[in-house]
2 protein chains.
Amino acid sequence: MDRTADRDLKARALKVIPNGMYGHEAVHALPATFPQFFERAEGAYIWDADGNRYLDFMCAYGPSLLGYRDQRVDAAAAAQAAKGDTMTGPSPVMVDLAEALVSMVTHADWAMFCKNGTDATSMAMVAARAQTGKRIVLLAKGAYHGAAPWCTPNPVGVVAEDRAMLRYYEYNNAESLEAAVRDAGEDLAAIFATPFKHDAFFDQALPDPVYARRARELCDETGAMLVVDDVRAGFRLARDCSWSLVGVQPDLSCWGKAVANGQPLSILLGSDRCRKGAGSIYVTGSYWFAAVPMAASLETLRIIRESDYLEQMIRMGDRLRAGLASAAQRHGFGLRQTGPSQMPIMLFDDDPDLRVGFAWAEEMLQRGVYIHPWHNMFIAACMTEADIDMAVAAADGAFAATRARMAELQPSPVILAMAAAKAAEELQALA
Amino acid sequence: MDRTADRDLKARALKVIPNGMYGHEAVHALPATFPQFFERAEGAYIWDADGNRYLDFMCAYGPSLLGYRDQRVDAAAAAQAAKGDTMTGPSPVMVDLAEALVSMVTHADWAMFCKNGTDATSMAMVAARAQTGKRIVLLAKGAYHGAAPWCTPNPVGVVAEDRAMLRYYEYNNAESLEAAVRDAGEDLAAIFATPFKHDAFFDQALPDPVYARRARELCDETGAMLVVDDVRAGFRLARDCSWSLVGVQPDLSCWGKAVANGQPLSILLGSDRCRKGAGSIYVTGSYWFAAVPMAASLETLRIIRESDYLEQMIRMGDRLRAGLASAAQRHGFGLRQTGPSQMPIMLFDDDPDLRVGFAWAEEMLQRGVYIHPWHNMFIAACMTEADIDMAVAAADGAFAATRARMAELQPSPVILAMAAAKAAEELQALA
């Protein structure tokens, strides 16, 4: 595969962007062969700057739900763009969209729109404090809720005060949650939870209904707000808030990524239990009321309601999981595939420094399939059996090639440095 | 003017959005006749949900620099949209755009892209702390830097710790700044400044060069980072960072609004003095690397470099200012027009509760001109002499109508409540 254009772009970027790239789409912690820049995307595929095509199991880290450049969503966006986008006030489509969300998401009585997932989680925190008049927020250890000072997983440049009112509990552990609630005493504003455990570098875990129900009860007992951060998983597990699958309704839920099929929009949904708090805070952004992403979201929601996009994603996810399991077994690899099949993560047994995972991801990339060695992936609804079968065939070759390289594999220096930093942080926490 | 559609939309919105609307585009603190929802926008004009047309001096609170739906920018956006927008990595256009910014903005050696103005100011704060290893950030009292917990002007739902490492000084007052720097001692990370004083509700003030130069010197002496928050004013005062006009180069500058003529994009620019800090923090967002807003920005920057857009805005701003001054005088009103003419604010003498300003804004709206009674406004480069002359003619009628209503004017209950809340807050600060 030619990588000249990407290499040249990386060299230019290094001069005018710190480290050449930043954030979740930076490839520094991926195998060196991974391209950084992409020229175009269509359906389930992306093309890098050198014109190499990949079946993309990252889906832009979630936003591509129906596939890139879905014609129905793009037509709705274009029709709105011909009228207006960022104006001196919102378009009527904002009201249509809020009504659509309230009608679809069981716990929701109201909606507020923003741009980043972090905007929605931050607004949930502030609204919960405004509603309750209390300060402490409980988070599951290791859960990702965004990249603001209070939640970024790399706390460089963050001051201790940014997290002074946060406390941590173990996901899926009702006793740990109860202890944290007890410690918060009379000052508990909110309990945050991701809909399932989807922490990077770890096996995923579905929510234990005992834990989820206990979170609801503890909020009812204390007056705190229950917040489900559905930014990553929203509308990939259900046509409702993801915890509807375990029968638990939060007071607030945070949405983003898939809600407008790639157009920039995130959302805070809330019940009347938190309407007053949400209405008393001041949050805003230059582009929060832009009409094009809202028109795109309205069409995405229509498709979510009227099509079998969800069942199709699950079918394709199951097909991929079964195919990879067979191929891994055939080649003698222990491959752990965890979480919902439509949001899979794949980690190798006996691979603490990810050297096997990295080699396999490299070999998949070389065969035209873009997978991630340590972050959960995403199935798009436009993926077909032929796409999945192509990926499984590529995996067969990639397992064989990885097996042949096993003796020579080295860990990624970036991953080793991340592990060392993490260990140092944990030591510091103990001290 | 028919307002039926807007009234119906407001009633529907009240059910599914807290208070029916929130943030800087909410019309709760504007005269009751102001429409909330807009159907479309083109050039210098917006149309509300009832089809009423207004010459728009808010320009979407800044994003409309060249005019709404500028064909050149929209063509660049559409061409990129036909290739890809939010993908699994950035497009090569990200590198082109970073290079263009670094070539245009004197102090900039690198660029980072984000979505909200608040993202850029928050990143500046975190990067400055990472670079310096220090914590205290100085802000001018009353300056707006966004709506995150550390900076939102309405601190409901905010905890004291969110602002524990902030200190305040008087804008344009070198002595006050020096005292704040002294108080910060060895722990000063950054000094923030807006390029000129553009606080809502107040007369604007251009930067005193003595103050601006002193800010630079103090940063040089202490090792702190100088941050110019150009989100609102960027590219409306200069084709460079706005403080280039007073000969002062910051270490970091924050951009947004006008940079992509309405497409969602904000930017942190920095010098090599802060490259290491910026490269060590973790900040990201689901849509930060989307290609369409970057393509729109690249074309906007080309027009900024190659056209007389800036001189045109100043000519139109000056023409408006002169016309309004004559008309106000003719009708016996003391109208204070302050700040750069292309970012004007208009406040009436002897109008502490804004009842005169509200009445005049109502009368302007009735005559097809959208102005704001207490926030700075924006001239768009597409405005023509005919547009400005229409606004001045409207102002003549609006002054006359306001004069006729003077005896019956009442203050807005929302403004009275805001003033009372502000006074209570100041009392609390004294206690």
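The chains referred to below are lettered A, B, ... by the order of the sequence lines, with proteins before strands, and numbering in each begins at 1. Quick caveat, the model's predicted, so the values are computed rather than measured.
The choice from B:Pro90, B:Ala147, B:Ala160 that makes the most heavy-atom pairs within less than 4.5 Å of chain A is B:Pro90. If you tally non-hydrogen atom pairs under 4.5 Å between each of A:Gln263, A:Lys276, A:Arg232, A:Arg163 and chain B, the highest count goes to A:Gln263. Highest contact tally toward chain B, considering only A:Ala128, A:Ala26, A:Ala290, A:Ala82, is held by A:Ala82 [criterion: heavy-atom pairs under 4.5 Å]. Residue with the most contacts toward chain B among A:Ser286, A:Ala130, A:Gly84, A:Gly279: A:Ser286 (heavy-atom pairs, distance under 4.5 Å). Among B:Leu265, B:Thr88, B:Val27, B:Thr86, the residue making the largest number of heavy-atom pairs under 4.5 Å with chain A is B:Thr88. The candidate with the highest count of non-hydrogen atom pairs below 4.5 Å against chain A, out of B:Ser280, B:Ala278, B:Ser266, B:Ala81, is B:Ser280. The most heavy-atom pairs under 4.5 Å with chain B, out of A:Pro92, A:Ala108, A:Ser91, come from A:Pro92. Chain B forms more heavy-atom pairs under 4.5 Å with one residue of A:Tyr54, A:Tyr61, A:Trp150, A:Tyr22 than with any other, namely A:Tyr22. Looking only at heavy-atom pairs under 4.5 Å with chain B, the residue among A:Leu101, A:Val102, A:Val283 that has the most is A:Val283.
If you measure heavy-atom distances from A:Met58 to chain B, the contacts under 4.5 Å come from both the backbone and the side chain. Interface residue A:Asp96: backbone and side-chain heavy atoms are both found under 4.5 Å from chain B. In this structure, chain B has no heavy atom under 4.5 Å from any part of A:Ser122.
Taking each heavy atom of B:Ile281 and A:Asn154 in turn, the nearest pair found is C-ND2, 4.0 Å. For A:Pro63 against B:Tyr287, the heavy-atom pair with the smallest separation is CG-CE2, 4.1 Å. Contact detail for B:Ala164 and A:Glu161: the closest heavy-atom pair is CB-CG, 3.8 Å.
One finds the CD atom of A:Glu25 at 12.0 Å from the CH2 atom of B:Trp288 (value rounded to the nearest 0.5 Å). Atom CZ of A:Arg40 and atom CD of B:Gln80 lie 12.0 Å apart (nearest 0.5 Å). Taking NZ of B:Lys115 as the start and CG of A:Asn116 as the end, the distance is 8.5 Å to the nearest 0.5 Å.
For the pair A:Met94 and B:Ile17, the minimum side-chain heavy-atom distance is below 4.5 Å.
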Show the numbers, then the answer: is there a salt bridge (charged side-chain N to carboxylate O under 4.0 Å, His left out) between B:Asp85 and A:Arg69?
CA-CA 8 Å; B:Asp85 187 14; A:Arg69 293 170 47 215; over 6 Å; no
Using side-chain contact (heavy atoms from CB on, under 4.5 Å), reason through A:Met21 and B:Phe289 one step at a time and then give a plain yes or no.
CA-CA 10 Å; A:Met21 182 57 183; B:Phe289 310 109; 3.5 Å; yes
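Not counting sequence neighbours, the partners of A:Asn261 by the side-chain contact (heavy atoms from CB on, under 4.5 Å) test are A:Leu65, A:Leu66, A:Asp70, A:Val73, A:Thr300. Evaluation of the side-chain contact (heavy atoms from CB on, under 4.5 Å) rule for A:Ala41 yields A:Ile46, A:Tyr68, B:Met87 as partners, not counting sequence neighbours.
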